[in-house]
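Just so you know, residue 1 is the first one in the sequence shown, and it goes up from there. Quick caveat: nothing in here was measured; it's all calculated off a predicted structure. Remember, it's 1-based here, ligands and their atoms both numbered in the order they're listed.
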Amino acid sequence: GEALRLDGVRKIYGVEGNRVVALDGVSLSLPAGSFTAVMGPSGSGKSTLLQCAAGLDRPTEGRVFVDGAELSGGGEAALTRFRRERIGFVFQQFNLLPTLDVMQNTVLPLKLAGRKVDRALARDVLGRVGLGDRLDHLPAELSGGQQQRVAIARALVTRPRVVFADEPTGALDTRSARAVLELLRGSVRTFGQTVVMVTHDPVAASFADSVLYLADGRIVGHQAAPTAETVA
Ligand code: ADP
Ligand code: ADP
């Protein structure tokens, strides 16, 4: 089935004199179980696309469907609930809560979604990201790579249908970046999740199935991802 659909999405920031058209009529359809990289120059609208598709921001015009349901269908509370149930988001700067340990950060989305705080599940996900022995560590006690892996565990723990990641490897060294990309690809292969990832890095993009190219708020290409050999 279709995991994500955008129909004629426009996003305009600002008013009158300083209007910025960040997205200028974006339409796309991504199948469930796909891993898509979004690339394009700085300012081309990549982050805005992710924010609108994930329901973190509202398009000025157009419609967004996740898992067949229209994102803007209900009010603010309905949107928040929908997001917590079906969407995971990984930020470049991790966004972990500094006073919560690794386990507490990871189970937070379950709490917010009003679901059972399943520590065994969280331990399993943290084990898969290689943090099984760090459950009671605070974010400040972890390396950048480890913090990003906690952020990914947190995004995956609710088993969302669609996971959005905005430059998840931007702040990481090569080895940590690889671990994060393999995790994202693994969640697609293993759980049939759909991943949409903004990246500047052709090596990171080679982990995806396809690459969507943006320029000036429009999609200017969508093609098979380059292979690791091509970009090496
Ligand atoms: P990218 O992620 O490709 O760098 P963005 O989506 O961040 O692009 O930005 C697209 C355009 O929208 C840019 O011209 C940017 O300056 C503008 N923009 C992004 N966010 C805002 C905002 N909150 N207010 C005003 N303009 C914004
Ligand atoms: P990763 O590959 O996950 O980024 P590193 O090789 O950078 O891990 O770090 C190795 C070890 O050093 C980690 O297990 C971590 O405990 C510790 N470490 C790295 N950076 C920091 C930091 N800023 N604060 C505390 N511990 C750190």
Please check whether Ala22 reaches ligand 1 - meaning an N/O of the residue sits under 3.5 Å from an N/O of the ligand, judged on distance alone.
no

Check whether any heavy atom of Gly217 sits under 4.0 Å from an atom of ligand 1.
no

Pick from His222, Glu2, Arg5: which one makes a side chain to side chain contact (heavy atoms under 4.5 Å, CB included) with Leu30?
His222

Any donor-acceptor pair under 3.5 Å from Lys11 side chain to Arg58 backbone:
yes

Rounding to 0.5 Å, atoms CG (Leu56) and CG (Leu50) come to a distance of 8.5 Å

Side chain Ser44, main chain Asp216, donor-acceptor under 3.5 Å
no

Does ligand 1 have an atom that lies less than 4.0 angstrom from a heavy atom of Ser44?
yes

Contact atoms of ligand 1, heavy-atom distance to Thr48 under 4.0 Å
5 (P), 6 (O), 9 (O)

With distance as the sole test, does Lys46 use its side chain to make a donor-acceptor pair with the main-chain N or O of Pro41 at under 3.5 Å?
yes

Which protein non-hydrogen atom lies closest to atom 8 (O) of ligand 1, naming both residue and atom, and how far is it?
Gly45 N, 3.1 Å

At a 4.0 Å cut-off, with the gap strictly under it, does some heavy atom of Gly40 reach an atom of ligand 1?
no

shortest atom 10 (C) of ligand 1-to-protein heavy-atom contact is with Gly43 O, 3.4 Å

I need the nearest protein heavy-atom contact for atom 25 (C) of ligand 1: residue, atom name and distance, please.
Tyr13 CB, 3.3 Å

Please state which part of Val20 comes within less than 4.0 Å of ligand 1, counting heavy atoms only: side chain, backbone, both or neither.
side chain

Show which atoms of ligand 1 fall inside a sub-4.0 Å distance from at least one heavy-atom site of Pro41.
3 (O)

Over all atoms of both residues, closest heavy-atom pair of Pro109 and Thr106
CD-O, 3.2 Å

Residue list, ring-ring contact (aromatic ring centres under 6.0 Å, His included) with Phe35, at least two apart or on another chain
none

